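Note that the coordinates shown come from a computational prediction; the quantities given were computed from them, not determined experimentally.
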Amino acid sequence: MTESPIRVGVLGARGRMGQTVVDAVEGAPGLEVVAALDAGDDFAPLSAAQVVVDFTHPDGVMDNLKYLVEHDLHAVVGTTGFSEERLATLRSLLAPKPSLGVLIAPNFALGAVLAMRFAAQAAKFYQSAEIIELHHNRKADAPSGTASHTARMIGAARKAAGLEPGPDATTSGLDGARGALIEDVPVHSVRLPGLVAHEEILFGGVGETLTIRHDSLDRTSFMPGVLLGVRSVVSRPGLTVGLENVLDL
Ligand SMILES: NC(=O)C1=CN([C@@H]2O[C@H](COP(=O)(O)OP(=O)(O)OC[C@H]3O[C@@H](n4cnc5c(N)ncnc54)[C@H](O)[C@@H]3O)[C@@H](O)[C@H]2O)C=CC1
Ligand SMILES: O=C(O)C1=N[C@H](C(=O)O)C[C@H](O)C1
């Protein structure tokens with residue numbers, strides 16, 4: 001007997017990522033698209049889904065997730081903008097639904113997940129770390145969710161190693177010239193037409209630097225991670241943050 005396909009809904013389906021997700025799910029064995037919705041659409045067709053993928057906007061994603069959890073729908077979320085406060089709210093929403101899974105990943109590209117992991121490993125060996133993230137100029141948020149997550153991972157590793165903030169003699173300069181500080185890591189955002197999604201993590205130490213760079217050259221780079229998320233979230237109850245947990249990295 002063949003297993004029935006996992007029924008997938010997509011929110012943000014008319015956006016850059018949403019359209020790519022619809023195509024990827026339609027082409028994936030064992031998955032089918034049952035609802036492809038965008039802002040302003042009636043969410044009722046989501047009742048046909050088991051898993052809903054959300055690539056929408058930081059301003060709307062919490063309301064979407066509230067709806068999905070209340071309607072017993074597993075969720076795979078690529079939308080950015082998740083603070084610790086938002087994650088805590090989600091955990092409370094999920095508490096009365098012990099079999100429901102929500103996977104949030106700041107980046108679904110394998111190389112980006114590996115770059116973050118490598119950066120966390122390297123962090124304790126260097127005095128200083130800075131991040132440059134580069135994206136297309138239609139992106140709504142800065143810094144990117146990936147850069148924020150990377151900075152937090154580096155910050156945690158630096159704290160665990162007892163490192164002080166990196167030496168920096170800057171005493172005067174224009175606002176923003178040294179980037180935005182996340183933990184003690186400066187993050188610099190570049191927005192240019194022609195780019196997709198890119199991140200450089202730079203470490204400086206005694207007489208050497210280390211640069212870890214990842215490039216998404218096309219939005220299909222995110223699809224293997226999204227499909228893995230859809231397949232795994234149905235048997236992964238509770239809140240999972242980061243694809244590294246699904247990949248067992
Ligand atoms: N985690 C990851 O691997 C990736 C995450 N992203 C994130 O995904 C999000 C979307 O990115 P793009 O597709 O480039 O943006 P986009 O602007 O091209 O698409 C977003 C779509 O969502 C719709 N939308 C907005 N609010 C909505 C709501 N409340 N309910 C339903 N639909 C809504 C918009 O009308 C639009 O069609 C951003 O937060 C971006 O940073 C993007 C690429 C990869
Ligand atoms: O908006 C994008 O394009 C991307 N958003 C995510 C982020 O903010 O990190 C993931 C990836 O960088 C592409």
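The backbone N or O of S144 lies less than 3.5 Å from a partner atom in the side chain of E133, making a donor-acceptor pair. H136 places a side-chain N or O within donor-acceptor distance of the main-chain N or O of R138, the cut-off being under 3.5 Å.
Annotation for A13 and V22: closest pair CB-CG2, 4.2 Å, computed over non-hydrogen atoms. Here the closest heavy-atom approach between residue G18 and residue V10 is recorded as O-CG1, 4.0 Å. Contact between F203 and A122 at its shortest, heavy atoms only, is CE1-CB, 3.9 Å. Of all the heavy atoms in P45 and D42, the pair that sits closest is CD-O, 3.2 Å. Looking at every heavy atom in both residues, S216 comes nearest to H198 through O-CE1, 3.7 Å. In this structure, A151 and I131 approach most closely via the heavy-atom pair N-CD1, 3.6 Å.
The shortest side-chain heavy-atom distance between V76 and V8 does not fall under the 4.5 Å cut-off. At a threshold of 4.5 Å between non-hydrogen side-chain atoms, the residues R91 and L94 do not count as touching. Here the side chains of M17 and M223 are in contact, with some heavy-atom distance below 4.5 Å. Under the 4.5 Å side-chain criterion, counting only non-hydrogen atoms from C-beta, S128 is in contact with P167. Proximity of L227 to V25: side-chain heavy atoms (C-beta onward) are separated by under 4.5 Å at one or more points. With contacts defined as side-chain heavy-atom distances shorter than 4.5 Å, the pair L243/N107 does not qualify. P186 places a side-chain heavy atom less than 4.5 Å from the side chain of L181. Side chains of I154 and E183 form no contact here, defined as non-hydrogen atoms less than 4.5 Å apart.
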Evaluate side chain to side chain contact (heavy atoms under 4.5 Å, CB included) for Y126 paired with E208, printing each intermediate quantity in order. CA-CA 9 Å; Y126 289 91; E208 65 162 322; 3.4 Å; yes
What's the verdict on side chain to side chain contact (heavy atoms under 4.5 Å, CB included) for L217 and V196, showing C-alpha distance, side-chain angles and the deciding distance? CA-CA 6 Å; L217 305 173; V196 179; 5.7 Å; no
Determine whether R231 and R236 satisfy the following criterion, side chain to side chain contact (heavy atoms under 4.5 Å, CB included), listing intermediate values before the conclusion. CA-CA 10 Å; R231 290 195 168 98; R236 213 182 163 87; over 6 Å; no
Take F82 and L65 through the test side chain to side chain contact (heavy atoms under 4.5 Å, CB included) and record every step on the way to the result. CA-CA 12 Å; F82 282 91; L65 279 169; 3.7 Å; yes
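Side-chain contact of D141 with T80: a donor-acceptor pair under 3.5 Å is present, judged by distance alone. Under the 3.5 Å distance criterion, with hydrogens and angles disregarded, a donor-acceptor pair is assigned to the side chains of T150 and E199.
A salt bridge does not link D23 with R219: none of the charged nitrogens is closer than 4.0 Å to a carboxylate oxygen. With respect to the salt-bridge test (charged N to carboxylate O, under 4.0 angstrom), the residues K97 and E70 do not qualify.
How far NE2 of H135 is from OG1 of T146: 5.5 Å, rounded to the nearest 0.5 Å. Note: R152 CZ to M116 CE = 10.5 Å, rounded to the nearest 0.5 Å. Atom CG of residue L11 and atom OH of residue Y67 lie 9.5 Å apart, to the nearest 0.5 angstrom. A distance of 11.0 Å separates CZ of F125 from CG of L210, quoted to the nearest 0.5 Å. If you take CG on L90 and CD on E85, they are separated by 11.5 Å, rounding to the nearest 0.5 Å. Interatomic distance, CG of D168 versus CZ of R178, reported as 4.5 Å (0.5 Å rounding).
F222 and V230 fall within a single hydrophobic cluster, where Ile, Leu, Val, Met, Phe, Trp and Tyr are joined by side-chain heavy atoms under 4.5 Å apart, directly or via other members. In the hydrophobic cluster analysis, where Ile, Leu, Val, Met, Phe, Trp and Tyr join through side-chain heavy atoms closer than 4.5 angstrom, I132 is grouped apart from F118. Under the 4.5 Å side-chain heavy-atom criterion for grouping Ile, Leu, Val, Met, Phe, Trp and Tyr, V241 is not connected to V234 through any hydrophobic cluster. The cluster map of Ile, Leu, Val, Met, Phe, Trp and Tyr, joined by side-chain heavy atoms under 4.5 Å apart, puts I104 and L100 in the same cluster. Note on L93: it clusters hydrophobically with L46, by side-chain heavy-atom contacts below 4.5 Å among ILVMFWY residues.
With sequence neighbours left out, the side chain to side chain donor-acceptor pair (under 3.5 Å) criterion links R213 to E200, D215. Under the side chain to side chain contact (heavy atoms under 4.5 Å, CB included) criterion, L110 pairs with L114, L247, sequence neighbours left out.
Within 6.0 Å of CD on E164 lie no more than 12 heavy atoms contributed by other residues, nucleotides or ligands.
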